[in-house]
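Let me begin by presenting the structure, written as structure tokens, before commenting on it.
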Number of protein chains: 2
Amino acid sequence: MNIGEAASASGVTAKMIRHYESIGLIAEAGRTGSGYRTYGPKDLATLSFIRRARDLGFSIAQIRDLLALWQDRDRASADVKRIAAGHIEELTAKMRQLQEMVMTLQHLSAHCQGNDRPDCPILERLASGTGDGGACCD
Amino acid sequence: MNIGEAASASGVTAKMIRHYESIGLIAEAGRTGSGYRTYGPKDLATLSFIRRARDLGFSIAQIRDLLALWQDRDRASADVKRIAAGHIEELTAKMRQLQEMVMTLQHLSAHCQGNDRPDCPILERLASGTGDGGACCD
DNA sequence: GTGCACCTTCCCATGATGTCAAGGTCAAGC
DNA sequence: GCTTGACCTTGACATCATGGGAAGGTGCAC
């Protein structure tokens with residue numbers, strides 16, 4: 001199986017497969033006599049694993065650990081769970097940040113006329129930092 | 001005012017001030033005879049504006065537009081509001097993505113024993129993509 | 001005149017991915 | 001055998017905002 005087939009079968013682009021190999025996330029692929037990379041079912045499984053982990057937002061470093069645990073028959077599920085818990089925390093922290101931004105922006109936006117005139121609480125807030133920061137109408 | 005003072009006064013690092021200048025986000029700063037950048041109150045206000053906008057998650061491109069509107073006395077607040085609305089949409093889209101990841105992870109994690117044994121629904125899900133994807137216990 | 005804090009420019013790194021370019025390879029058709 | 005087109009190879013560069021560091025000049029206080 002060539003890299004292109006492996007890519008479309010796993011959902012990881014050929015580019016990224018080569019990249020993952022170059023950073024040591026996956027083992028070096030076998031090669032044909034002419035230098036083409038070859039992939040087997042086991043490699044495909046690993047690539048699919050990586051793609052699913054990326055879809056869940058895990059970083060490459062975390063995936064490295066997850067792969068090691070996956071391939072370790074004597075793993076403790078507690079180790080996996082700890083990685084997941086850490087990741088959940090990271091994600092929720094980001095969500096809170098975004099949530100705060102959205103709340104502030106919605107508040108400012110609600111008070112912006114959105115017409116032809118220049119007056120705008122959004123700009124005022126950016127300019128001075130003091131323009132109506134608190135709750136006024138909840 | 002040197003770049004260091006401008007940095008601590010505005011909350012934008014000296015590094016970033018130089019960067020913003022290099023990409024044309026801010027005007028080139030004045031220079032002393034020996035080449036040191038100098039900043040006045042107006043520059044400080046601009047830097048603070050940028051920092052607040054960054055804190056609200058605006059991209060450099062969006063900030064470029066916001067700065068232009070800010071400096072345009074004939075602006076229409078509708079233009080500002082449109083930028084903000086677009087940004088709010090981006091942020092909420094990201095939040096939804098994160099939310100989905102968190103939900104999935106929490107679900108999988110809840111079913112992981114987290115003990116010394118290797119069995120783990122999190123790994124199973126990453127490995128096969130079929131390991132209990134639906135709601136089972138809500 | 002020395003030392004230290006600050007400034008200058010320039011280069012490299014992050015993380016995950018995309019794009020592009022120049023060249024080699026394979027398989028099919030003629 | 002030769003061409004063609006799809007695929008592969010490596011490598012460099014871009015994104016986005018930011019940080020780090022090196023090598024060297026400047027300002028000021030002692």
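Order of the sequence lines sets the chain letters (A, B, ...), proteins ahead of strands, with each chain counted from 1.
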message: Run the side chain to side chain contact (heavy atoms under 4.5 Å, CB included) test on Leu25(A) and Met16(A) for me, step by step, so that the C-alpha distance in whole Å, both residues' side-chain angles and the decisive distance to 0.1 Å come before the verdict.
response: CA-CA 11 Å; Leu25(A) 183 66; Met16(A) 293 314 297; over 6 Å; no
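Nearest-nucleotide positions on DNA chain D for Thr32(B) and Ile60(B) put Ile60(B) closer to the 5' end.
Judged purely by atom type and a 3.5 angstrom limit, Asp43(B) uses its side chain to pair as donor or acceptor with the backbone of Gly40(B). In terms of modelled atom types and a separation under 3.5 Å, the side chain of Glu100(B) and the main chain of Gln97(B) share no donor-acceptor contact.
Using a 4.0 Å cut-off between charged side-chain N and carboxylate O, Asp79(B) and Arg82(B) make a salt bridge.
Tyr20(A) has its side chain within reach of Ile60(A): a pair of non-hydrogen atoms, C-beta onward, lies under 4.5 Å apart. Residues Pro118(B) and Asp74(A) fail the side-chain proximity criterion, which asks for heavy atoms closer than 4.5 Å.
Distance Phe58(B) CZ to dA17(D) P: 13 Å, rounded to the nearest Å. Rounded to whole Å, atom P of dA27(C) lies 9 Å from atom CG of Asn2(A). Atom-to-atom, CE of Met16(A) to P of dT17(C) comes out at 4 Å; the value is rounded to the nearest Å. One atom, CG of Leu25(B), and another, C1' of dT18(D), lie 14 Å apart when rounded to the nearest Å. The distance between atom CZ of Arg51(A) and atom C1' of dA16(C), rounded to the nearest whole Å, is 16 Å. In this structure, His19(B) atom NE2 and dT8(C) atom C1' are separated by 18 Å, rounded to whole Å. To the nearest angstrom, C1' of dC7(D) lies 15 Å from NZ of Lys15(A). The CD-P distance, from Glu28(B) to dT8(C), rounds to 13 Å in whole Å.
Residue Arg31(A) places at least one side-chain N or O under 4.0 Å from the OP1 or OP2 atom of dT10(D). An OP1 or OP2 oxygen of dC7(C) is reached within less than 4.0 angstrom by no side-chain nitrogen or oxygen of Arg18(B). The side chain of Thr13(B) places an N or O atom within less than 4.0 Å of a non-bridging phosphate oxygen (OP1 or OP2) of dG19(D). Under 4.0 angstrom from either OP1 or OP2 of dT10(D) there lies at least one side-chain N or O belonging to Arg37(A). For dT17(C), one of the phosphate oxygens OP1 or OP2 lies less than 4.0 angstrom from a side-chain nitrogen or oxygen of Tyr20(A). In this model, the phosphate group of dG24(C) is not approached by any side-chain N or O of Ser34(A) to a distance below 4.0 Å at OP1 or OP2.
End-to-end axis angle of the helix from dG1(C)-dC30(D) to dC30(C)-dG1(D), using five pairs per end and rounding to 10°, comes to 30°.
The minimum heavy-atom distance between Cys120(A) and Val80(B), with the atom names listed, is SG-CG1, 3.4 Å.
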